[in-house]
Amino acid sequence: MPELRILSFMPPYRHRHRGLTTVRQPWIWFPLMLGCAVVLHLRIAWQLSEARSARDHDDECRPEPIRTILDNFQHLHDLPVVNEQFFRSVPLVRSENAIVTSMYNDAFAVPIATLGHSLNKADSTARRIVFYFPGQVTERALCIATASGFEPHAVSRIEPPADGVFEHFMDQFTKLSIWKFDELGIKAVVYLDADTLVRRNFDELFAMPFNFAAVPDVYFWDPGFDIAFNAGVLFVRTSTKMFHHLVRQINTARYPHGEAEQALLNVFHGADAVRLPYIYNGNLAIKKRNPEMWEALQPELRLIHYTLVKPFWRGVYNETGVEDMHRNVLEKAEAWDGIFRDELLEWEEVWNETRATHRSAFTRCGWKDGH
Ligand SMILES: *[C@@H]1O[C@H](CO)[C@@H](O)[C@H](O)[C@H]1NC(C)=O
Ligand SMILES: *[C@@H]1O[C@H](CO)[C@@H](O)[C@H](O)[C@H]1NC(C)=O
């Protein structure tokens, strides 16, 4: 194959040269290329300017990025949140309304007693009920939890979906039991997680005609608009029929199972929930997100919700003694650069008052100061 060998030894420029030689005068390429460059340049410039004007037009049409009140708070008025005159005209029947909390382990004995005391101070008119599963809390802890006025009510555990619930949310579906409290003669419930502390009376919630209400959630790491609600504070008109309907959805509705009952309620009631003002769920995340707004809420704030840090929580599920509690509060006061110090000490102050006020009831539970 001699021919092939010759080709393979032929230097590449020879091909090119041969191509070029078809044009006799090589200098003619210079003006030609210059012309092409000018045309190309003009074309690119035109395309860029088209793209820019399309973008400008887009910017004019696109709405401003949404900034919620949490990102753009301005203290513009001090109008009351509740219309007192209207509220006073609605008769409240004490026995038909209840404030309900949940107790899933002994660590919540003291916070529930403290919550009860804070409700007494706020002069709340409703019944108080703490529900629990027999066998999961000790008698002594239940005795402490109910020392300041909550009635104990045993319920059966509502099973979480078969997969994917975070371990610390495994019991949370039992919260749906509150819908069944019509069996106790209760028509309306304000449910409070046990990590709340009441500041002011909120009886006006019982005068609402709606079936379900809650406060939008707040995520300090996620600026923007959040319409999903936090399930730590709920207003519910009871209905056993609705209870069965809800429980049937636990395994069949589409929601992130990991986020338990809050996620289920957000799909179940997402389109019809009444969204309550932030003063009904003083989530500490609000303070982290916008301290100025937190400050402005203070005069009307009905309760504090210790979400980001809990003064009583030591990471163990048994009861906390007095000394441990004080140490824990001081420790937690340092967390988050100390921004929740006032709220944590406020909780401890109410806890101290609870101890002093209900000392004999605590003693009857077999609980002594210092143990
Ligand atoms: C709670 O449990 C811890 C260990 O997990 C123990 O050291 C502590 O004494 C217990 N406290 C009470 C009040 O039982
Ligand atoms: C609560 O009482 C303890 C004493 O048991 C005391 O050391 C602490 O300072 C009190 N806390 C507040 C906030 O008053």
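Keep in mind it's a predicted model, so treat the numbers as computed, not measured. In what follows, every heavy atom counts, from backbone to side chain, and hydrogens, waters and symmetry copies are set aside. Every number for a ligand or one of its atoms is a count from 1 in the order of the listing.
Atom CD of Glu151 is surrounded by more than 12 heavy atoms from other residues, nucleotides or ligands within 6.0 Å. Surrounding NZ of Lys310 are more than 12 heavy atoms belonging to other residues, nucleotides or ligands, all under 6.0 Å away. For Asn72, the CG atom is densely surrounded, since the number of other residues' heavy atoms within 6.0 Å is greater than 12.
Taking the side chain as every heavy atom from C-beta outward, Trp313 and Tyr306 never approach each other to under 4.5 Å.
Under 4.0 Å from any atom of ligand 2, one finds heavy atoms of residues His326, Leu345, Glu348, Glu349, Asn352, Arg355.
Shown are Val100, Ile99, Ile112; of these, the side chain to side chain contact (heavy atoms under 4.5 Å, CB included) with Val130 is made only by Ile112.
The pair Arg94-Glu96 fails the salt-bridge criterion, with no side-chain N (NZ, NE, NH1 or NH2) lying under 4.0 Å from an Asp/Glu carboxylate O.
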